[in-house]
Amino acid sequence: MLAFVWCSTLQTVVYIFEILFCLGLNHSNDLRKEDCKETGSLVVCFGEMLIDFVPTVGGVSLAEAPAFKKAPGGAPANVAVGISRLGGSSAFIGKVGADEFGYMLADVLKQNNVETSGMRFDSTARTALAFVTLRADGEREFLFFRNPSADMLLQESELDKNLLKQARIFHYGSISLIDEPCKSAHLAAMRIAKNSGCILSYDPNLRLALWPSADAARKSIMDIWDQADVTKISEDEITFLTGGDDPYDDNVVLKKLFHPNLKLLIVTEGSQGCRYYTKAFKGRIAGVKVKPVDTTGAGDAFVSGILYSIASDQTIFQDEKRLRKALYFANICGALTVTGRGAIPALPTKEAILQFLLEAAVI
């Protein structure tokens, strides 16, 4: 049972009813329908897709886990599925093994109405695996099997360029920057998308254990930092990228991470919500309280929520009220995800968010 919080401010109540309207609960003509455009624009997500093995019980080490539940995952694929579940249009570009896991992952995307024409299969490498430990507080620790895995072997010649040119938003992380030939494919895809007028969306999604060194991770992540239009980053990633600076200091964020090309920089703070920065304004949105089971995929669900909103209405970059509604919606997406196990299996549908909002409004 979700642990709903009381709507303590009039502003929160207003958000709830406006978002309910945007999700289609109210079809009358008397509210601002321009706030509630349906997502008809394609979001293309680039990078890794893999199998997460999650312990069936929490708070144990890998060695102590009695059993594991197999769950599809990989941050870019999670975002693609999340957008589709919300009613948006999404596609995935990446490579998996020509093995049972790879075919299963492709089927998962198809079952969730994600376009898979940009997906490739490699007969020489296996689909990536990750064992994810769940501590007592619901936070994760990772053990990856990629030696190399198929996602690392995507080549520039295998890119679906037509799909990239159709996108309204091109979303990516940093794991695909670790090894060649995938790194070159990633950079080429960014160029094609940018030249086609796409909004570039970047979630570094730091997984330090996969990099040869911390310095290599920091350099590669920052090498493409100033190309993104939208960037989502966590508090820990701020500390890492700035060499130990205070992640809660607005001056650190604005001076060291905000750049002239950015339309929106978001700092996620887990259950505490998020902060946002644009050229014109900045602020924060409180988190949504639920009972956590597994935080896997929460950040990806948040990204799904905000990209779903941006894809249908790019005016939110200039309109703080609309942006705040979109970020509150994204917070709900992330919160609902932590109430289930695994990433893709726990991503919320539009109906689940409607139910959450209705119950919160009643309370």
Query raised in the report: Could you walk me through whether Lys219 and Asp215 pass the salt bridge (Lys or Arg N to Asp or Glu O under 4.0 Å) check?
Result: CA-CA 6 Å; Lys219 181 179 186 306; Asp215 288 342; over 6 Å; no
Report task. For Lys279, look at atom NZ and say whether over 12 heavy atoms of other residues, nucleotides or ligands are found less than 6.0 Å away. Result ->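 Buried by this count: over 12 neighbours within 6.0 Å.
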Query - Lys282 atom NZ: more than 12 heavy-atom contacts under 6.0 Å - result: no
Any chance you could measure [X], atom [atom1], to [Y], atom [atom2], to the nearest 0.5 Å?
{"X": "Leu264", "Y": "Gln314", "atom1": "CG", "atom2": "CD", "result": "12.0 Å"}
{"X": "Ile175", "Y": "Glu48", "atom1": "CD1", "atom2": "CD", "result": "4.0 Å"}
{"X": "Tyr328", "Y": "Cys274", "atom1": "OH", "atom2": "SG", "result": "12.0 Å"}
{"X": "Asn112", "Y": "Ser84", "atom1": "CG", "atom2": "OG", "result": "6.0 Å"}
{"X": "Phe145", "Y": "Ser149", "atom1": "CZ", "atom2": "OG", "result": "12.0 Å"}
{"X": "Cys198", "Y": "Lys165", "atom1": "SG", "atom2": "NZ", "result": "11.5 Å"}

Is the backbone of [Y] close enough, under 3.5 Å, to the side chain of [X] for a donor and an acceptor to pair up by distance?
{"X": "Trp225", "Y": "Leu257", "answer": "yes"}
{"X": "Gln272", "Y": "Glu269", "answer": "no"}
{"X": "Ser184", "Y": "Glu180", "answer": "no"}
{"X": "Asp122", "Y": "Thr124", "answer": "yes"}
{"X": "Ser176", "Y": "Gly47", "answer": "no"}
{"X": "Gln227", "Y": "Ile224", "answer": "no"}
{"X": "Ser304", "Y": "Val79", "answer": "yes"}
{"X": "Arg120", "Y": "Ser117", "answer": "yes"}

Query - Audit row: Tyr276, Arg324, side-chain hydrogen bond (donor to acceptor under 3.5 Å, both in side chains) steps and yes/no - result: CA-CA 9 Å; Tyr276 59 90; Arg324 289 181 66 87; 2.8 Å; yes
Is there a path from [X] to [Y] through hydrophobic residues (I, L, V, M, F, W, Y) whose side chains come within less than 4.5 Å of each other?
{"X": "Tyr172", "Y": "Leu262", "result": "yes"}
{"X": "Met49", "Y": "Leu210", "result": "no"}
{"X": "Leu327", "Y": "Phe329", "result": "yes"}
{"X": "Leu105", "Y": "Ile344", "result": "yes"}

Requested in this report: Salt-bridge test for Asp229 and Lys263: reply yes if a basic N is under 4.0 Å from a carboxylate O, no otherwise.
Outcome: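 Answer for the salt bridge query: yes.
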Query raised in the report: Is the shortest side-chain N to carboxylate O distance from Glu115 to Lys110 below 4.0 Å?
Result: no
Tell me, do [X] and [Y] make a side-chain contact under 4.5 Å, heavy atoms counted?
{"X": "Lys183", "Y": "His186", "answer": "no"}
{"X": "Phe356", "Y": "Leu336", "answer": "yes"}
{"X": "Lys69", "Y": "Phe53", "answer": "no"}
{"X": "Leu164", "Y": "Ser196", "answer": "no"}
{"X": "Phe101", "Y": "Lys70", "answer": "yes"}
{"X": "Ile83", "Y": "His171", "answer": "no"}
{"X": "Met152", "Y": "Lys95", "answer": "no"}
{"X": "Pro345", "Y": "Leu347", "answer": "no"}

**Report entry** Thr315 and Gln318 side chains, donor-acceptor separation under 3.5 Å
**Finding:**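 The answer is no; no qualifying pair exists.
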Query raised in the report: Is it true that the side chains of Glu235 and Thr239 contain a donor and an acceptor less than 3.5 Å apart?
Result: no
Report summary line: Which of Leu265, Asp203, Leu206, Thr268 passes side chain to side chain contact (heavy atoms under 4.5 Å, CB included) with Ile233? Answer is Leu265
Query raised in the report: Under 6.0 Å between ring centres, would you say that holds for Phe142 and Phe131?
Result: no
**Report entry** Aromatic contact, Tyr103 with Phe121 (centres under 6.0 Å)
**Finding:**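 Yes, the ring centres sit under 6.0 Å apart.
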Requested in this report: Begin from the C-alpha positions of Leu187 and Leu177 and carry the test side chain to side chain contact (heavy atoms under 4.5 Å, CB included) through to its verdict.
Outcome: CA-CA 8 Å; Leu187 298 176; Leu177 295 171; 4.1 Å; yes
Could you tell me which non-hydrogen atom of [X] sits nearest to which non-hydrogen atom of [Y], and how far apart they are?
{"X": "Gly73", "Y": "Asn78", "result": "CA-OD1, 3.4 Å"}
{"X": "Pro348", "Y": "Leu86", "result": "O-CD2, 4.1 Å"}
{"X": "Leu50", "Y": "Ala130", "result": "CD1-CB, 4.1 Å"}

Requested in this report: Show your reasoning for whether salt bridge (Lys or Arg N to Asp or Glu O under 4.0 Å) applies to Arg146 and Asp151.
Outcome: CA-CA 9 Å; Arg146 305 169 78 234; Asp151 61 288; 2.7 Å; yes
Query raised in the report: Any cation-pi pair here, Arg218 with Phe240, using under 6.0 Å and within 45°?
Result: yes
Requested in this report: Go through the steps to decide whether Lys232 and Ile306 satisfy the test side chain to side chain contact (heavy atoms under 4.5 Å, CB included), and finish with yes or no.
Outcome: CA-CA 10 Å; Lys232 174 263 182 192; Ile306 191 63; over 6 Å; no
Requested in this report: Under the side chain to side chain contact (heavy atoms under 4.5 Å, CB included) rule, what do Val267 and Tyr277 come out as? Steps first, then yes or no, please.
Outcome: CA-CA 9 Å; Val267 179; Tyr277 304 83; 3.9 Å; yes
Query raised in the report: Asp313 pairs by salt bridge (charged side-chain N to carboxylate O under 4.0 Å, His left out) with which of Arg168, Arg322, Lys325?
Result: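 It is Arg322; the other options fail the test.
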